[in-house]
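Remember, it's a predicted structure, so these values are computed and weren't measured experimentally. Both counts, for ligands and for their atoms, begin at 1 and track the order of listing.
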Amino acid sequence: MNIVLLGAPGAGKGTQAEKLIEAYDIAHISTGDILRASVKAGTPLGLEAKSYMDAGELVPDSVVIGLVKERLQEEDAEGGSILDGFPRTAAQAEALSSELEAMGRGIDFAIAVNVDPEVIVGRLCNRRLCKVCGYIGNVDDAVCPLCGGEMFQRDDDNPEVVRNRLDVYEKSTAPLIDYYRGAGILVEVNGELSPNEVFANIQSIIN
Ligand code: ADP
Ligand code: ZN
């Protein structure tokens, strides 16, 4: 089973992806996570990506498409994958479809997680992550509720960059909702409900 998660930054894709990989035996493919790991490791790719990410711009298609193609070959993706933060452009969507097709696979669902832009800005500026386990929380979490780890704020979760990320989303990524609707695999969920309610709705779609 291959699922594409669509939605603005901060819509809750990462949170739902975590729940999905726990419930089903599929790989979590988050281009944001892969890119942040490259930045942290200081690889040439990371150095190139960092300037785009810090500005809230998209990393070039050629780079991101290459990363996802490699990631899809890994063993844990054999049973399927959750694509989180990819595709973000029409070119990425085309590349994903043809790559999966070449592998004899396809996309089962494109799930759009819908959240009002006003809600998004607040969520992203208040978002805090666990340094140790990656738990996605908010400014009220003094320490990680799961492991007690230190919480931190992502470099791009500041008001100015958030605004640009939302503009980029509207311009480059939102049109993919129509693309997948046209392909007959789009389902929409209300992302303003609690994480568990959103997940229950996603599960009822999948099952
Ligand atoms: P969010 O969905 O909260 O914006 P991500 O972790 O998915 O966060 O992405 C963070 C940044 O990484 C993006 O703003 C962009 O610079 C880069 N990035 C992630 N995925 C892609 C992609 N598919 N194409 C281009 N750039 C990407
Ligand atoms: Zn933690």
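- Nearest protein heavy-atom contact of atom 8 (O) of ligand 1 is Arg154 NH2, 3.0 Å.
- Between the side chains of Glu78 and Gln73, not a single donor N or O lies within less than 3.5 Å of an accepting N or O.
- Close contacts between ligand 1 and Gly32 involve ligand atoms 5 (P), 6 (O), 9 (O), 19 (C), 20 (N) [criterion: under 4.0 Å to a heavy atom].
- Ion pairing of Glu74 with Arg71 is present here, as a side-chain N (NZ or NE/NH1/NH2) and a carboxylate O approach within less than 4.0 Å.
- In this structure, atom 22 (C) of ligand 1 lies nearest to the protein heavy atom Arg88 CD, 3.4 Å.
- Taking atom 26 (N) of ligand 1 as the reference point, the nearest protein heavy-atom neighbour is Val59 N, 3.0 Å.
- Nearest non-hydrogen protein atom to atom 3 (O) of ligand 1 is Arg165 NH2, 2.8 Å.
- Between Gly85 and ligand 1, a contact under 3.5 Å exists for at least one N or O pair.
- Look at Arg163 and Asp167 and you find no salt bridge, because none of the NZ, NE, NH1 or NH2 atoms lies under 4.0 Å from a carboxylate O.
- We find that Lys50 and Asp156 are not joined by a salt bridge, their nearest charged nitrogen and carboxylate oxygen being 4.0 Å or further apart.
- Neither side chain, Ser97 nor Glu94, offers a donor N or O lying under 3.5 Å from an acceptor on the other.
- Each of Lys69, Gln92, Arg88 was evaluated against Val64; a single residue qualifies, Gln92, per the side chain to side chain contact (heavy atoms under 4.5 Å, CB included) test.
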Q) Given Leu67 and Leu45, is the side chain to side chain contact (heavy atoms under 4.5 Å, CB included) satisfied, shown in steps? A) CA-CA 10 Å; Leu67 288 174; Leu45 185 142; 3.9 Å; yes
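- The number of heavy atoms from other shown groups lying within 6.0 Å of CG (Asp25) does not exceed 12.
- Under a 4.0 Å criterion applied to the non-hydrogen atoms of Glu57, ligand 1 contributes the atoms 15 (C), 16 (O).
- The option with the heavy atom closest to atom 18 (N) of ligand 1, from among Ile34, Leu35, Val168, Thr31, is Leu35.
- Near Gln92, the atoms of ligand 1 lying under 4.0 angstrom from a non-hydrogen atom of the residue are 22 (C), 23 (N), 24 (N), 25 (C).
- Atom CD1 of residue Ile136 and atom CZ of residue Arg128 lie 14.0 Å apart, to the nearest 0.5 angstrom.
- The atoms of ligand 1 that sit less than 4.0 Å from any heavy atom of Arg127 are 3 (O).
- Below 4.0 Å from some heavy atom of Lys13 lie the following atoms of ligand 1, by number and element: 2 (O).
- Remark: Lys13 does not engage Glu18 in a salt bridge, criterion side-chain N to carboxylate O under 4.0 Å.
- In this structure, CG in Leu5 is found 6.0 Å from CD1 in Ile202, a value given to the nearest 0.5 Å.
- Polar contact with ligand 1: absent for Asp156 (N/O pair, distance under 3.5 Å).
- Regarding atom 12 (O) of ligand 1, its nearest protein heavy-atom neighbour is Met53 CE, 3.5 Å.
- Around the Zn ion (ligand 2), the protein atoms of type N, O or S found under 2.8 Å away are Cys130 SG, Cys133 SG, Cys144 SG, Cys147 SG, listed by chain and number.
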Q) Between Ser98 and Glu101, does a side-chain hydrogen bond (donor to acceptor under 3.5 Å, both in side chains) hold up when you go through it step by step? A) CA-CA 5 Å; Ser98 49; Glu101 201 182 317; over 6 Å; no
